[in-house]
Amino acid sequence: MNIILMGPPGAGKGTQADRLVSQYGLTQISTGDLFRKALSEQTKYGVIAKYFIQFGHLVPDDYTIAMVRDHLKENTFDNGFILDGFPRTIIQARELESISREFKFKIDAIINLDIPLEKLVSRLSGRRTCQSCGATFHVEFNPPKVEGVCDKCGGELYQRPDESEEAVKVRLDTYNKQTRPLIDYYTMQGTIINVNGDQPMEDVFKDIEKCLEDK
Ligand code: ADP
Ligand code: AMP
């Protein structure tokens, strides 16, 4: 099963993707994680992405699409994948349709985590990410067992540099202008399923599982 997980920054895409990975053996493809890895390894995509990410802007479509295309081409996904953070623009969505025809896969579900934007600032400012494995925690809503240490791999937790107040404002504004129109695009196609992201993590997951049962 191949799934697109949509929602504004901080909606819980990564958190729910982690659970889908554990429960169903799917592979998470997070474009944010791919860019951060590219950045730390200073590959071509990392060098390009650096300034866009730092200031909360989207990386231009052509680079993002090329990176996703490379990733899909170079990897196998036996049990299927979860696209987390891609597509984020209508151009990316259209390109994904063409890539799926070319690589012969199907998107089985598009799930949108719905949450009021005013809830996102506290989610983002409290988020802590593992330096080594990318797992996410929250200082209040999902604290690690030992402060600053990843429960999963023992790696060091850090606060993402694009989580400064200024960058968060830009990211939410970018979401409204460039990504929200995608919801209408998929709604017109009749393919999107809205899930209430403003409830405890376990309940969000149960709702996602219910949607997937019908697929
Ligand atoms: P996204 O991948 O959509 O940007 P994350 O999954 O990283 O979002 O979640 C953002 C922050 O909010 C993290 O710190 C996470 O632990 C926390 N979080 C995720 N889902 C919930 C929830 N349902 N309730 C409270 N906090 C949540
Ligand atoms: P995320 O980890 O999903 O919050 O993404 C972090 C940053 O990576 C975003 O603010 C963008 O700068 C960049 N990014 C991630 N996914 C995309 C995408 N699909 N299109 C353009 N930029 C992206």
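Order of appearance sets the numbers: ligands from 1, and atoms from 1 within every ligand. Because the structure is predicted, anything quoted here is derived from the model rather than measured.
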Is a side-chain donor or acceptor of [X] paired with a backbone partner of [Y] at a separation under 3.5 angstrom?
X	Y	value
Arg160	Arg127	no
Arg88	Gly85	yes
Asp114	Val195	no
Asp61	Gln92	no
His57	Tyr51	no
Ser100	Lys106	no
Arg123	Gly10	yes
Asn75	His71	yes

Report yes if some N/O of [X] lies less than 3.5 Å from some N/O of ligand 2; otherwise report no.
X	answer
Phe35	no
Ser30	no
Gly85	yes
Arg36	yes
Asp162	no
Asp33	no

**Asked** Checking salt bridge (Lys or Arg N to Asp or Glu O under 4.0 Å) for the pair Lys177/Asp173: CA distance, chi angles, key distance, verdict?
**Response** CA-CA 6 Å; Lys177 289 193 180 127; Asp173 192 45; 2.9 Å; yes
**Item:** Where ligand 2 meets Thr64 - atom numbers and elements under 4.0 angstrom, heavy-atom basis
**Value:**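 Heavy-atom distances to Thr64 below 4.0 Å select 18 (C), 19 (N), 20 (N), 21 (C).
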**Request:** Considering the heavy atoms of Val59, write down every atom of ligand 2 situated less than 4.0 Å from one of them.
**Result:**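 So the answer, numbered in order with elements, is 13 (C), 21 (C), 22 (N).
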**Asked** Given the side-chain rings of Phe52 and Tyr63, with only the six-membered ring counted for Trp, is the space between their centroids under 6.0 Å?
**Response**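 For Phe52 and Tyr63, the ring centres are not under 6.0 Å apart.
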Shortest protein contact, [atom] (heavy atom only):
atom	value
atom 7 (C) of ligand 2	Ile53 CG1, 4.1 Å
atom 16 (N) of ligand 2	Thr31 OG1, 2.8 Å
atom 9 (C) of ligand 2	Arg88 NH2, 4.1 Å
atom 12 (O) of ligand 2	His57 O, 2.6 Å

**Message:** With a heavy-atom distance limit of 4.0 Å, tell me whether Arg160 approaches ligand 2 through its side chain, its backbone, both, or neither.
**Reply:**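 Under 4.0 Å from ligand 2, Arg160 contributes side-chain atoms alone.
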**Request:** Indicate, as side chain, backbone, both or neither, the part of Leu58 found under 4.0 angstrom from ligand 2 when only non-hydrogen atoms are considered.
**Result:**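 Both of them.
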**Request:** Run the contact test for Lys13 against ligand 2 with a 4.0 Å cut-off on heavy atoms, strictly below, and give the result.
**Result:**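 No; Lys13 lies far enough from ligand 2 that no heavy-atom distance drops under 4.0 Å.
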**Request:** Would you check, one step at a time, whether the test ring-ring contact (aromatic ring centres under 6.0 Å, His included) holds for Phe77 with Phe105?
**Result:** CA-CA 11 Å; Phe77 307 95; Phe105 64 78; 8.6 Å; no
**Message:** As a test of reading the model: which residues have a non-hydrogen atom less than 4.0 Å away from ligand 1?
**Reply:**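 Contacts of ligand 1 under 4.0 Å: Pro8, Pro9, Gly10, Ala11, Gly12, Lys13, Gly14, Thr15, Arg123, Arg127, Thr136, Phe137, His138, Phe141, Asn142, Gly197, Gln199, Pro200, Met201.
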**Exercise: do Asn112 and Tyr186 side chains pair donor with acceptor under 3.5 Å** =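 No.
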**Request:** Using the rule that two of Ile, Leu, Val, Met, Phe, Trp, Tyr join whenever any of their side-chain heavy atoms come within less than 4.5 Å, decide whether Ile111 and Met1 are in one cluster.
**Result:**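 Looking at the clustering, Met1 is in the same group as Ile111.
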**Asked** With Asp18, which residues qualify under salt bridge (Lys or Arg N to Asp or Glu O under 4.0 Å), at least two apart?
**Response**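 If we apply the salt bridge (Lys or Arg N to Asp or Glu O under 4.0 Å) test to Asp18, skipping adjacent residues, the hits are Lys152.
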**Prompt:** Among Gln92, Arg127, Met67, Gln54, whose heavy atom sits nearest atom 20 (N) of ligand 2?
**Reply:**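 The option holding the nearest heavy atom is Gln92.
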